[in-house]
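Beneath this line is the structure, given in structure tokens, with notes to follow.
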2 protein chains.
Amino acid sequence: MPVAQTEMPRHLQAQLADRGVRLTEQRRAILQVIETAKRHLDAGCILHLARRVNAAMARSTVYRTLHLLKHHGLIDELDLLHLEGECHYYERELEKEHIHMACLRCGKITEFVSELFHTLKNQLRRDCQYHLVVARLELGGYCSECRH
Amino acid sequence: MPVAQTEMPRHLQAQLADRGVRLTEQRRAILQVIETAKRHLDAGCILHLARRVNAAMARSTVYRTLHLLKHHGLIDELDLLHLEGECHYYERELEKEHIHMACLRCGKITEFVSELFHTLKNQLRRDCQYHLVVARLELGGYCSECRH
DNA sequence: TTAAGTGCAAATATTTTGCTGTCAC
DNA sequence: GTGACAGCAAAATATTTGCACTTAA
């Protein structure tokens, strides 16, 4: 019996193309940076990394592209409790939505997947009278190495 | 049989005094603004309202006092999904921790209390290996008037 | 008395915008 | 070919800091 298929993660590039969004060299560079990121990146980091691919990249192009991706729901914007300045961090939207826990001393970020968070979101979606679009749960505390 | 008493909400002023924090005219004005707030205030609003009490109040005093209160755990800092610029909003820390739901179109903020959120926090506290200090859940979507 | 707090102005950090030239489709 | 996009520089927004003066305890 065929099972309902959840949307497979595909290249951001393909997802944008599907939506008729114009693909420029600059956008491709930024998408590549986001897809291959090994940690949470802010706009400045994305610019820095994207310039390795396209040296002339303007800072405003990064901001405009992040805005585009966010409004298409392809990336999530995080604050990570503003541990380092006030910038935002970006990561690819994934099926298994996760919770970010930041260490208030060393800045380490740990990600959790929680079935109960999923249940909570469903309950809120049912009860809150809103058409729920984003749910951001960010935690702060002290990690095992930093707490005394 | 006496029941364990949860800490009653008291004047922020008294809580600061307990901690040996110096009380100035400026701090008292800011505390009063926060305690009597009827909506979520950002630093600019707090400055504006505090100047009704103390006309010479400097913007930097507001920021320094908010920092102080936040580090004493007496207020919570919210982002409300950055609906209006990038500023932060502040509210008094209350026993019944609540969730903020922001309408992405009209900007209305609705607050929820959820038993399940409380349970989730307890589960995370137990499982996450961190000493949990803050948990911020912010939701975005479209309210009943704004969704089509 | 004196360490801590304040006001002011300047600095910093992050993000947005106007405009002109360029490129993807 | 043309409407959307990029680069650049300047503006806007939010917050922090250095320093000299003032004040709470």
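Lettering of chains follows the sequences in order, A, B, ..., and the numbering in each one begins at 1. What you see is a predicted model, and the numbers here were worked out from it, not measured in a lab.
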With a 4.0 angstrom cut-off to heavy atoms of chain A, pull out the first and last contacting nucleotide of DNA chain D, in 5'-to-3' order.
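Footprint of chain A along DNA chain D, 5' to 3': dG3(D) to dC8(D).
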
Under 3.5 Å, which donor-acceptor pairs link side chains of residues 66-77 of chain A to any protein atom two or more places apart or in another chain?
from, atom 1, to, atom 2, distance (Å)
Lys70(A), NZ, Glu77(A), OE2, 3.2
His71(A), ND1, His67(A), O, 3.1
His72(A), ND1, Arg19(A), NH1, 3.4
Glu77(A), OE2, His88(A), ND1, 3.3
Glu77(A), OE2, Tyr90(A), OH, 3.0

Write down the distance between CG (Asn54(B)) and P (dG5(C)), rounded to a whole number of angstrom.
16 Å

How close or far is atom P of dT14(C) from atom CD of Glu77(A), stated in whole angstroms?
14 Å

Closest-nucleotide 5' rank along DNA chain D - winner of Gly85(B) and Thr65(A):
Thr65(A)

Reading DNA chain D from 5' onward, which residue's closest nucleotide shows up sooner: Gln26(A) or Cys87(B)?
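Checking each residue's closest nucleotide, the 5'-ward one belongs to Gln26(A).
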
For Gln129(B), does its backbone N or O pair with a side-chain atom of Arg147(A) as donor and acceptor, under 3.5 Å?
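Yes, Arg147(A) side chain to Gln129(B) backbone: donor-acceptor pair under 3.5 Å.
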
Is the backbone of Gly44(B) close enough, under 3.5 Å, to the side chain of Asp42(B) for a donor and an acceptor to pair up by distance?
yes

Taking atom types as modelled, is there a side-chain donor on His98(B) or Glu91(B) under 3.5 Å from an acceptor on the other?
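Per modelled atom types, His98(B) and Glu91(B) side chains form a pair under 3.5 Å.
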
Using a 4.5 Å side-chain heavy-atom cut-off and chaining through intermediate ILVMFWY residues, the residues clustered with Leu116(A) come out as Ile99(A), Met101(A), Phe112(A), Phe117(A), Leu120(A), Leu124(A), Tyr130(A), Leu132(A), Leu137(A), Leu139(A), Ile99(B), Met101(B), Phe112(B), Leu116(B), Phe117(B), Leu120(B), Leu124(B), Tyr130(B), Leu132(B), Leu137(B), Leu139(B)

Other hydrophobic cluster members with Tyr63(B), side-chain heavy atoms of Ile/Leu/Val/Met/Phe/Trp/Tyr under 4.5 Å, chained?
none

Just one of Val53(A), Leu31(A), Thr61(A) clears the side-chain contact (heavy atoms from CB on, under 4.5 Å) bar with Gln26(A), so which one?
Thr61(A)

Test salt bridge (Lys or Arg N to Asp or Glu O under 4.0 Å) applied to Glu115(B) - qualifying residues, sequence neighbours left out
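With sequence neighbours excluded, Glu115(B) shows a salt bridge (Lys or Arg N to Asp or Glu O under 4.0 Å) to no residue whatsoever.
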
Residue whose nearest DNA chain C nucleotide is more 5′ - Arg27(B) or Gly44(A):
Arg27(B)

One character per nucleotide, please: for nucleotides 16-25 of chain C, 5' to 3', B when the base has a protein heavy atom closer than 4.0 Å, S when only the sugar-phosphate does, - otherwise.
BBB----BBS

